[in-house]
Chemist: 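Before I ask anything, let me first share the structure, which is written out below as structure tokens.
Keep in mind that this is a model prediction, so the values were computed, not measured.
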Amino acid sequence: MAQHGKRYRDAERKFDKTKLHVPTEAIDLLKTMAGSKFDETVELVVQLGVDPRKADQQVRGTVALPSGTGGDVRVAVFAQGDAAAEARAAGADYVGAEDLVAQIEGGMMDFDVAIATPDLMAQVAKLGRALGPRGLMPNPKTGTVTTDVGKAVTEFKGGRVEYRTERQGANVHVPIGKASFDAPALIANFSAVIEELQRVKPASAKGRYFKRVALSTTMGPGIKLDPNRLRATIDQPVP
């Protein structure tokens, strides 16, 4: 723990924590600070000017990262018959119906995304207490309740990620790649998420929409971004 603490403090000394950066500056800084023995994940955190307790201000969905996530995404699919065969062919890690439900009830949680066909959602609903708190419950809004399971598996394996506002703080946490990615790849993923969040801005949201924005690596400190210059790379201000 002491070693981790020293690395974190050393990283903090490399930049002005009070300065608001543009995306290219923040990503360049992140890459100089990633010094762990593993390839750290780069995470984007955005505080939105919404009230997620109101149904019409909940922000949730999925976005395809053009540069991928850089990680091995493990996918579980609740399906049977032809849909189950389709899911296996697409590379799903776990496929099943009652048997998969039983496995998860027994404590198996070795997956990152859960997808279900509509006809099995009554069975999947039994797993609410296990999947809900982890953000893994299939949902039509995120494309994880679908009859086209093959396409969904391929997309999530290829770099589609889910985003959603937390009930407390209205923060959205999205992984946008790995520290080993080159800067243009991270910028492409960053821009895709920002543009998606702007696209789904609730009509009822008032005032500043992007309130606070930060980038960090798994083991590093957060670098603050200027909410007014999130699209500085394409010379377009974000309202």
Chemist: Going from OG1 on T217 to CD on E40, what distance comes out if it is rounded to the nearest 0.5 angstrom?
Modeler: 4.0 Å
Chemist: Looking at every non-hydrogen atom in both residues, tell me the closest pair between A92 and V95 and how far apart they are.
Modeler: CB-CG2, 3.6 Å
Chemist: Would a distance-only check, ignoring hydrogens and angles, find a side-chain to backbone donor-acceptor pair under 3.5 Å from T142 to N139?
Modeler: yes
Chemist: So, taking the atom named OH in Y94 and the one named CG in D99, what distance separates them when rounded to the nearest 0.5 Å?
Modeler: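 Answer rounded to 0.5 Å: 13.0 Å.
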Chemist: Salt-bridged, R212 to D226, with N to O below 4.0 Å?
Modeler: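 D226 and R212: not salt-bridged.
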Chemist: Using the rule that two of Ile, Leu, Val, Met, Phe, Trp, Tyr join whenever any of their side-chain heavy atoms come within less than 4.5 Å, decide whether V153 and L100 are in one cluster.
Modeler: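 No; tracing contacts between hydrophobic side chains, which count when under 4.5 Å, never links both residues.
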Chemist: Mind listing the closest non-hydrogen atom pair of L127 and V101 along with its distance?
Modeler: CD2-O, 3.8 Å
Chemist: Please answer: with hydrophobic residues joined when any side-chain heavy atoms are less than 4.5 Å apart, are V63 and V113 in the same cluster?
Modeler: no
Chemist: Would you say the side-chain atoms of T41 pair up with the backbone N or O of P175, donor to acceptor, closer than 3.5 Å?
Modeler: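 Between the backbone of P175 and the side chain of T41 there is no qualifying donor-acceptor contact (under 3.5 Å).
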Chemist: When you measure from the side chain of K201 to the backbone of Y209, do you find a donor-acceptor pair of N or O atoms at a distance under 3.5 Å?
Modeler: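 Side chain of K201 to backbone of Y209: no pair is present.
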Chemist: Tell me whether R53 is salt-bridged to D51, with the criterion being a basic N under 4.0 Å from an acidic carboxylate O.
Modeler: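 Judged by the 4.0 Å cut-off on N to carboxylate O distance, R53 and D51 do form a salt bridge.
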Chemist: Are V124 and M137 close enough that some pair of their side-chain heavy atoms sits under 4.5 Å apart?
Modeler: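 Yes, at least one pair of side-chain atoms sits under 4.5 Å.
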Chemist: For the residue pair I104 and L131, what are the closest heavy atoms and their distance?
Modeler: CG2-CD2, 4.3 Å
Chemist: Atom CZ of F38 and atom NZ of K178: how far apart are they, to the nearest 0.5 Å?
Modeler: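 Here the rounded value is 8.0 Å.
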Chemist: Give a yes or no answer on whether the side chain of N189 reaches the backbone of S67 with a donor-acceptor pair at less than 3.5 Å.
Modeler: yes
Chemist: Drop me the distance from R129's CZ to R134's CZ, to the nearest 0.5 angstrom.
Modeler: 13.5 Å
Chemist: Any non-hydrogen side-chain atom of I223 less than 4.5 Å from a side-chain atom of S216?
Modeler: no
Chemist: Would you please test T144 and F156 for side chain to side chain contact (heavy atoms under 4.5 Å, CB included) and show each step?
Modeler: CA-CA 10 Å; T144 49; F156 279 101; 3.7 Å; yes
Chemist: Quick one: do I115 and F111 end up in the same hydrophobic cluster if we chain Ile, Leu, Val, Met, Phe, Trp and Tyr together by side-chain heavy atoms under 4.5 Å apart?
Modeler: no
Chemist: Indicate yes or no: at least one non-hydrogen side-chain atom of N171 is less than 4.5 angstrom from one of V46.
Modeler: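 SC-SC contact between N171 and V46 ruled out.
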Chemist: To check you understand the geometry: which heavy-atom pair defines the closest contact between A64 and P66, and what is its length?
Modeler: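 Scanning both residues completely, I find the closest heavy atoms to be O-CD, 3.4 Å.
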Chemist: Taking NZ, NE, NH1 and NH2 as the nitrogens, is one of them in K151 or E86 under 4.0 Å from a carboxylate oxygen of the other?
Modeler: no
Chemist: Give a yes or no answer on whether the side chain of H21 reaches the backbone of K224 with a donor-acceptor pair at less than 3.5 Å.
Modeler: yes
Chemist: Please give me the minimum heavy-atom distance between G177 and F181, naming the atom from each residue.
Modeler: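 The answer is CA-CE2, 3.6 Å.
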Chemist: Any sub-3.5 Å donor-acceptor pair from T146's side-chain atoms to G143's backbone N or O?
Modeler: no
Chemist: Less than 4.5 Å apart, side chain to side chain, heavy atoms only: is that true for E162 and R60?
Modeler: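 Yes, at least one pair of side-chain atoms sits under 4.5 Å.
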Chemist: Measure the spacing between CZ of F78 and OG1 of T117 and express it to the nearest 0.5 Å.
Modeler: 10.0 Å
Chemist: Are R208 and P227 side-chain neighbours, meaning at least one heavy-atom pair lies under 4.5 Å?
Modeler: yes
Chemist: Would you find a donor on one side and an acceptor on the other, under 3.5 Å apart, between the side chain of K157 and the backbone of V73?
Modeler: yes
Chemist: In the structure I gave you, are the side-chain heavy atoms of T24 and I187 within less than 4.5 Å of one another anywhere?
Modeler: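 Yes, close enough: below the 4.5 Å cut-off.
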Chemist: Working to the nearest 0.5 angstrom, can you tell me the gap between S191 OG and I176 CD1?
Modeler: 9.0 Å
Chemist: Consider only side-chain heavy atoms of I, L, V, M, F, W and Y, link residues closer than 4.5 Å, and tell whether L65 and L230 are in one cluster.
Modeler: yes
Chemist: Looking at side-chain heavy atoms only, is the closest gap between N228 and F210 below 4.5 Å?
Modeler: no
Chemist: Please name the residue in the list L44, V193, L197 that meets the side-chain contact (heavy atoms from CB on, under 4.5 Å) test with Y163.
Modeler: L197
Chemist: Verify, without hydrogens or angle tests, whether K19 (side chain) and L225 (backbone) share a donor-acceptor contact under 3.5 angstrom.
Modeler: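 It does not hold such a pair.
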Chemist: Could you tell me whether the side chain of L215 reaches within less than 4.5 Å of the side chain of F190, counting heavy atoms only?
Modeler: yes
Chemist: Without swapping roles, check the side chain of E25 against the backbone of V22 for a donor-acceptor pair under 3.5 Å.
Modeler: yes
Chemist: Look at R74 together with D93 and state whether they make a salt bridge at an N to O cut-off of under 4.0 Å.
Modeler: no
Chemist: Counting heavy atoms not belonging to D56, are there more than 12 under 6.0 Å from its CG?
Modeler: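 More than 12 heavy atoms, drawn from other residues, nucleotides or ligands, come within 6.0 Å of this atom.
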Chemist: Where is the tightest heavy-atom contact between V149 and A83, given as atom of each residue plus distance?
Modeler: CG2-O, 3.3 Å
Chemist: Would a single hydrophobic cluster contain both L136 and M121, if residues Ile, Leu, Val, Met, Phe, Trp and Tyr are joined by side-chain heavy-atom contacts under 4.5 Å?
Modeler: yes
